[in-house]
Visitor: 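Dumping the structure here so I can ask a few things about it.
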There are 2 protein chains.
Amino acid sequence: MTAFPTDWQLDLDGPIGPRLREILRARIVSCDLPPGARISESEIAAAYGVSRQPVREAFIKLVQEGLLKVRPQRGSEVARIDLQAVLDARFVREATEADIVSLLASRGDPALVAELERQIALQERVRKNSPADFIDLDEMFHRTLAEAAGRRTVWTLIETLKLHFDRVRFITSATFPTDTLLAQHREIAARIGARDPAGAEAAIRTHLREVLSHLPEVTLAHPEYFEGQVPDGLSAQVA
Amino acid sequence: MTAFPTDWQLDLDGPIGPRLREILRARIVSCDLPPGARISESEIAAAYGVSRQPVREAFIKLVQEGLLKVRPQRGSEVARIDLQAVLDARFVREATEADIVSLLASRGDPALVAELERQIALQERVRKNSPADFIDLDEMFHRTLAEAAGRRTVWTLIETLKLHFDRVRFITSATFPTDTLLAQHREIAARIGARDPAGAEAAIRTHLREVLSHLPEVTLAHPEYFEGQVPDGLSAQVA
DNA sequence: TTTGCTTGACTGGTATGGAAGTATGGTTTA
DNA sequence: TAAACCATACTTCCATACCAGTCAAGCAAA
């Protein structure tokens, strides 16, 4: 159920390069390796008891995902959060999912709506107790929408986008407005069931903007986590 | 101006891993390394006179871009074109650029419209003689739209999506309907200038569907280039 | 005290060797 | 003839060694 491995131990059976990549990615996204932290290939290699080569392999992938910055002969560090990249990733995700739910609403498949409501009931149940599980359920909700639209591979694309503002989300997880998000899920499912494309589209746009609603506070609380200067009109851009 | 290196010689100054990656990517996209072609690390290493390590590095990146398939201890081959991935990539791009031009049209910046018309005039000039240059200009046109919307990093995201249907586009470049595309560019610029968001959005959606208009023919001409079975209702999905 | 240079301990990039696994083609056996 | 077997030549993956560039501390000279 969990999206990331919870323990950061490396199992040496099978290919360790990809495995190491997932571990490091989880550590970065969860801010166990905070933005700006300096790490080296040999350091990680020694820590996990492997050679530098698989570490290097993992580093290359993390660089391509924008989670790591490597400067030859100088050193590597966990990429600071690029606000522009975060906002742009949300822009792409919003546009994509808006088209998805619009398409779904024009169909109004009752089976899909039933499945969504089943998931919403689950979300309701775990809401109070375990916010981490709620995040997993939220992810499943959106993946279900994408796959219902016949866009099998779209979700994998969105997943790489999600990485960037998942880092933000992890910092704000304490103040995560699960009640608001849950209500928005209900609205989305309702608009799809009512065959109201415009309404469904509007609902999910509102929903996806909610995710970054606490971004301005985070930039103030942890300015050292962010790339460059935090612009003044941030609140306006988020909303 | 050209999006890819035209000659496939490897300059040994500076890091050769990233360089090699671009070269191989260009060769794959242009079908010089056709889908399904089997290649190995050592083979490429010998061909370019480098060791296997930077080749491996390039391979990892290509795998992550979905252009290469590597099966451990078996061999690597150029990934066949995944129709679902192509159509989904177009879906994401269409949704994203639709929101972009909608935003731009709500502003109606005259300076932007002037720039677009300047580019269109250029496109008109090179249209007949060099279709390759037209492709480059088309790319610049769309990048201009993204950057004008203040979405600096969105275009880099779209570029990775573009890779997949650029492979299709390269095969059909002979029958590329430059006149139609040019007219659609004019329509997009006009709707932005007229401050008509809905019209601009509709125009660019039509435009982006045109790019894959020849996809069904290609799947029939080269079925060995594609992953799995080509579905019957393809034409409907494209349109 | 300040400036400039040297030196050495890092960094990531590359080359090479060996280990584990897979496909292939020829050989042997029923 | 046909099926089972084995040697061999691949493949990718990991470990190790070496290379070149970077940076900072410390010493020497002004």
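Just so you know, these numbers come straight off a predicted model, no measurement behind them.
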Visitor: With a cut-off of less than 4.0 Å, is there a side-chain N or O of Ser76(A) near OP1 or OP2 of dG12(C)?
Guide: yes
Visitor: Are the side chains of Arg151(B) and Leu87(A) in touch, meaning some heavy atoms are under 4.5 Å apart?
Guide: yes
Visitor: Whole-Å distance between dT11(D) C1' and Leu68(B) CG?
Guide: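 Distance check: Leu68(B) CG to dT11(D) C1' gives 13 Å.
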Visitor: With a 4.5 Å heavy-atom cut-off, do Asp88(A) and Val92(A) have their side chains touching?
Guide: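 Side-chain contact under 4.5 Å: no.
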Visitor: Between dC13(D) atom P and Arg21(A) atom CZ, what is the distance in whole Å?
Guide: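 Whole-Å distance recorded here is 14 Å.
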Visitor: Can you name the residues that form a ring-ring contact (aromatic ring centres under 6.0 Å, His included) with Tyr225(B), not counting sequence neighbours?
Guide: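 Once residues adjacent in sequence are excluded, the partners of Tyr225(B) under the ring-ring contact (aromatic ring centres under 6.0 Å, His included) criterion are His222(B).
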Visitor: Checking contacts here: which listed nucleotide (dC13(D), dT16(D), dT11(C)) is nearest the side-chain heavy atoms of Ser40(A)?
Guide: dT11(C)
Visitor: Could I get the full list of salt bridge (Lys or Arg N to Asp or Glu O under 4.0 Å) partners for Arg38(A), not counting sequence neighbours?
Guide: none
Visitor: Take atom OH of Tyr48(A) and atom C1' of dC14(D), then tell me their distance rounded to the nearest Å.
Guide: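 To the nearest whole Å, that distance equals 18 Å.
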Visitor: Could you tell me how far apart Ile60(A) (CD1) and dG13(C) (P) are, to the nearest whole angstrom?
Guide: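 Between P of dG13(C) and CD1 of Ile60(A): 8 Å.
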Visitor: For Ser51(B) and dT14(C), is the shortest distance between a side-chain N/O and OP1 or OP2 below 4.0 Å?
Guide: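 No, outside the criterion.
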Visitor: When you measure from the side chain of Phe59(B), which nucleotide among dC14(D), dT12(D), dT16(C) comes out closest?
Guide: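 Closest of the options to the side chain of Phe59(B): dT12(D).
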Visitor: Residues two or more places apart in sequence or in another chain: which of them pass side-chain hydrogen bond (donor to acceptor under 3.5 Å, both in side chains) with Ser42(B)?
Guide: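 Counting only residues at least two positions away or on another chain, Ser42(B) forms a side-chain hydrogen bond (donor to acceptor under 3.5 Å, both in side chains) with Ser40(B).
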Visitor: Show me the side-chain donor-acceptor pairs of residues 57-73 of chain A shorter than 3.5 Å, one per line, residues at least two apart or across chains.
Guide:
residue  : atom : partner  : partner atom : Å
Glu57(A) : OE1  : Arg56(B) : NH2          : 2.9
Glu65(A) : OE2  : Arg21(A) : NH2          : 3.0
Glu65(A) : OE2  : Arg25(A) : NH1          : 2.8

Visitor: What does the list of N/O pairs under 3.5 Å between the protein and nucleotides 18-24 of chain D look like, with a distance for each?
Guide:
residue : atom : partner  : partner atom : Å
dT22(D) : O4'  : Gln73(A) : O            : 3.3

Visitor: Just jot down the ring-ring contact (aromatic ring centres under 6.0 Å, His included) partners of His185(B), sequence neighbours excluded, or say none.
Guide: Phe141(B), His142(B), His207(B)
Visitor: Provide, to the nearest angstrom, the distance between the CD atom belonging to Glu41(B) and the P atom belonging to dG17(C).
Guide: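 For the pair Glu41(B) CD and dG17(C) P, the rounded distance is 16 Å.
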Visitor: Starting from P on dC14(D), measure out to CD on Glu57(B) and report it in whole angstrom.
Guide: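 Atom-to-atom, Glu57(B) to dC14(D), this comes out as 15 Å.
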Visitor: Just the rounded figure in Å: distance from C1' of dG18(C) to CD of Gln53(B).
Guide: 14 Å
Visitor: Under 4.0 angstrom, heavy atoms only, what part of the nucleic acid is Ile39(A) near: base, sugar-phosphate, or nothing?
Guide: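 Answer is sugar-phosphate: Ile39(A) comes under 4.0 Å of backbone atoms only.
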Visitor: Let me know the distance between CD of Glu77(B) and C1' of dA23(C), rounded to the nearest Å.
Guide: 14 Å
